[in-house]
Amino acid sequence: MSDQKRITPRDEDFSAWYNEVVLRAELADHSPVRGSMVIRPWGFGIWERMQRALDDRFKETGHENAYFPLLIPMSFIEREKEHVAGFKPELAVVTHAGGKDLEEPLVIRPTSETVIYAMYAKWVQSYRDLPVLINQWANVMRWELRTRLFLRTSEFLWQEGHTAHATDQEAQEETLLILDLYRRFMEDWIAMPVITGLKSDAEKFAGAVRTYACEGMMQDGRALQAGTSHHLGQNFSRQFDLTFQSEEGTEEYAWNTSWGVSTRLVGGMVMTHGDDQGIVVPPRLAPTQVVIIPIHRSDEDRTRVLEKAEEVRTRLHEQGIRVRVDSRDHLSPGARFYEWERKGVPFRIELGPRDLESGQLVLVRRVRQEDVGKKGKEFLPEGEVISSLPARLEAFQQELLERARARREERSHRGVTSIEEMKEILDGPGGFVYTGWNGDPAVEARVKEETRATLRCLPDPDFQSSSPPARCVSGEGESRTEAVWARAY
RNA sequence: CGGGACGUGGCGCAGUCCGGUAGCGCACUGCAAUGGGGUUGCAGGGGUCGCCGGUUCGAAUCCGGCCGUCCCGACCA
């Protein structure tokens, strides 16, 4: 692809655009190991901020971080029947170590339920030891047949939370608490609106009783499962003897939950906000929120301009803004503008000799507001730029969320009743298709077969609120009336 | 595993049909002039043409085999 090729997210070949943007935006490279990736500093900076924000929330809800082994004995994985059936095909296995064949193969963790609950079984004796609320930041590996940078790499980084509770109800509340935490994080930080709901039995996590998920809608009309929260019931505690003595003195199996989000969120951010110029990073996630581009001709100008740039940088920094000066003078100003736009920095300040004379600065926002003039440039007094930037960053963050929500609504098709209608929508603009649902797995399989769409979730309006109900049941009890379908990544 | 395409300096490609000893753009290095939306000029550095074998005076090019990558399906955060 030529260096000057325009990047067009609405091209038919969206994946080519996506890879082009991601690579050229210096977020990630393919690694020498097929299907895994190298995350470059700018991309990792974004992930790092996601980690920090999520970690703060986990602390607020009483969770602690811990670390468990990378290698899991094969026999652990095999203990839970559905779990092994779900993961077996994509396991990477270590069979040889220390110069000889191992008696028992070791699996590189695809997820850590089994090792973690094996340990919990040793830690928990009494109801007084519960709940156990632990999170782990780690890498995992799933040998996927087809990979896509950030969205589905064989090795990825994530956080996985694993909890043990004394009652079913408590575990259910935990599951929904985290689901809600995820939804808020995705909206507040990534500016990525998501639908939350229950997965069908066909789509749920291998070994879970119920799986809840956050589903985002990308600009090409395909859905992205951005995070999941599972109620594991007693499936794992029974296999790993995770028991406790209750207040009444009886021996009981604990109730477990697990939940996770991954570096896939970075891909979600790219595909939610990216445009023809490259990616767009929401201000709260941006490693650099404001970049200052000094412009000068003579050496004399250069000194004055750089001094002023440093002064502006310091004053913005004092306001808590992440700001940097790009003073590379082997690149023309235009080249530097393009580079930072491609990387998605929310605001740029241009500063040259003319601005020194006028006491103004040129302020340019990454995604233009329609009411600003040519090329989105605003000529403002220096003091105003500095004092208004915190509010502008916040407004930009909000606007990204609103725009993304509006795009999703345009792509949401409600009250669809026939497969023909559904196919027409999916072959056209794509998006979320809301249909009736009678809970029949045979219907689900047929629709999937004919439309290539999957049942993303059974949304419950109550889940969208901050007080999650505890009355959701999959496959039995109340039947849901609505299902959301989409073609997904 | 089925169906398609492709492996040539760091990246993107041409050259392959019709064999003659490797080229273009970008990037990189140096110098000079430029600089408010991807600057220009001059001078440079860098390639076992995926691998193995065969045909030939001679192979990036023809033949055989192997390996790898990407895209579309099944699987998946």
Side-chain angles (χ1 to χ4, degrees), chain A residues 1-7 12-16 19-20 23-24 26 29-30 32-35 85-91 110-111 139-160 182 199 202-206 211 213-216 223-230 258-268 277-278 293-299 301-302 305 327-342 348-358 360-362 364 374-377 379 448-449 452 454 487-489:
Chain A
M1 222 171 284
S2 97
D3 202 49
Q4 303 295 326
K5 182 184 163 83
R6 255 176 87 76
I7 295 158
E12 284 174 18
D13 191 1
F14 186 80
S15 61
N19 284 324
E20 177 80 348
L23 293 170
R24 298 199 53 73
E26 296 176 28
D29 287 318
H30 290 287
V33 178
R34 185 190 167 278
F87 282 107
K88 194 95 191 202
E90 54 194 48
L91 295 178
T111 178
N139 55 343
V140 289
M141 175 159 275
R142 300 179 187 178
W143 211 260
E144 302 289 353
L145 297 173
R146 289 190 58 214
T147 61
R148 201 188 286 274
L149 210 51
F150 276 118
L151 297 187
R152 192 181 306 103
T153 42
S154 53
E155 179 184 0
F156 56 94
L157 305 181
W158 76 347
Q159 103 353 258
E160 48 178 327
Y182 281 161
K199 285 285 183 186
E203 298 283 331
K204 76 181 183 190
F205 175 74
T211 291
C214 299
E215 295 284 334
L224 184 75
Q225 180 173 307
T228 47
S229 184
H230 316 291
S258 71
W259 25 274
V261 296
S262 71
T263 37
R264 170 175 262 202
L265 289 175
V266 178
Q277 276 69 244
I293 312 280
I295 299 158
H296 44 77
R297 297 161 207 260
S298 62
D299 281 352
D301 282 345
R302 185 171 190 277
V305 164
S327 56
R328 292 175 298 173
D329 47 13
H330 64 280
L331 292 177
S332 71
R336 283 176 284 165
F337 298 165
Y338 276 95
E339 179 173 326
W340 291 106
E341 273 174 12
R342 208 173 63 211
R348 175 178 80 239
I349 291 171
E350 299 173 16
L351 203 173
R354 294 211 295 262
D355 306 302
L356 292 185
E357 312 313 326
S358 66
Q360 293 193 327
L361 294 175
V362 178
V364 188
K374 194 186 171 205
K375 298 204 156 139
K377 295 191 181 190
F379 297 79
K448 183 178 175 184
E449 174 75 21
R452 281 178 35 232
T454 47
R487 288 184 186 150
Y489 277 104

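In the text below, chain A, chain B and the rest are named by the order of the sequence lines, each starting its count at 1. Bear in mind that the values here come from a model prediction, so they are computed numbers and not experimental data.
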For A:Pro89, which contact category applies under a 4.0 Å heavy-atom criterion: base, sugar-phosphate, or nothing?
-> nothing
Pairwise C1' distance for B:G54 and B:A43, with rounding to whole Å | 45 Å
A:Glu90 side chain, from C-beta outward: closest of B:G38, B:G37, B:C75 = B:C75
Expressed in whole Å, how much space separates the P atoms belonging to B:G65 and B:A22?
-> 30 Å
Which part of the nucleic acid, if any, lies within reach of A:Val362 when heavy atoms closer than 4.0 Å are counted: base, sugar-phosphate only, or nothing?
-> base
Residue A:Arg452, side-chain atoms from C-beta onward, closest of B:G37, B:A74, B:U39 = B:A74
Quick one: which of B:G36, B:G35, B:A77 gets closest to the side chain of A:Asp329?
-> B:G35
Restricting both atoms to N or O, compile the protein contacts to nucleotides 2-7 of chain B shorter than 3.5 Å, with distance only.
none

Within the structure shown, what part of the strands sits under 4.0 Å from A:Thr153 by heavy-atom distance: base, sugar-phosphate, or nothing?
-> base
Can you tell me how far C1' in B:C28 sits from the matching atom in B:C75, rounded to whole Å?
-> 43 Å
Taking only N and O in the side chain of A:Arg354, is any of them less than 4.0 Å away from OP1 or OP2 of B:G36?
-> no
Selected nucleotide, minimal atom distance to A:Glu144 side chain, candidates B:C75, B:A74, B:G37 = B:C75
Checking B:C75, B:G37, B:G36 against the side chain of A:Asp355 (C-beta onward), the nearest is B:G36
Out of B:G37, B:G38, B:C75, whichever nucleotide has its closest atom nearest the side chain of A:Ala335 = B:G38
In whole Å, what separates the C1' atom of B:C6 from that of B:G50?
-> 11 Å
Give A:Ile293 one of three labels, base, sugar-phosphate or nothing, depending on what nucleic acid heavy atoms sit under 4.0 Å from its own.
-> nothing
Pair of N/O donor and acceptor under 3.5 Å linking B:G38 base with A:Glu339 side chain = no
Given the P atoms of B:G47 and B:U8, what is the spacing between them in whole Å?
-> 16 Å
Report the relative orientation of the aromatic rings in A:Phe205 and A:His230; use parallel for angles under 30°, tilted for 30 to 60°, perpendicular for over 60°.
-> parallel
Would you check if A:Phe337 stacks with the base of B:G37, given a 5.5 Å centroid limit and a 30° plane limit, both strict?
-> no
With a 4.0 Å cut-off on heavy atoms, is A:Lys88 in touch with a base, just the backbone sugar-phosphate, or nothing at all?
-> nothing
Atom C1', compared across B:G7 and B:C13: separation rounded to whole Å | 12 Å
Please determine if a side-chain N or O atom of A:Lys204 lies less than 4.0 Å away from the OP1 or OP2 oxygen of B:A77.
-> no
Presence of salt bridge, A:Glu339 and A:Arg348, under 4.0 angstrom = no
Interatomic distance at P, B:G25 relative to B:U40, whole Å = 13 Å
Sugar-phosphate, base or nothing in reach of A:Phe205, heavy atoms under 4.0 Å = nothing
Between B:C75, B:G35, B:U39, which one does the side chain of A:Lys448 approach most closely?
-> B:C75
Is B:G23 paired to anything, Watson-Crick or G-U wobble with both distances less than 3.5 Å, and if yes, which nucleotide?
-> B:C13
When rounded to the nearest Å, what value does the distance between P atoms of B:G53 and B:U61 take?
-> 14 Å
Please confirm whether any donor atom in the side chain of A:Arg302 sits under 3.5 Å from an acceptor in the base of B:G35, or the reverse.
-> no
How would you label the contact of A:Gly352 with the nucleic acid (heavy atoms, under 4.0 Å): base, sugar-phosphate, or nothing?
-> base
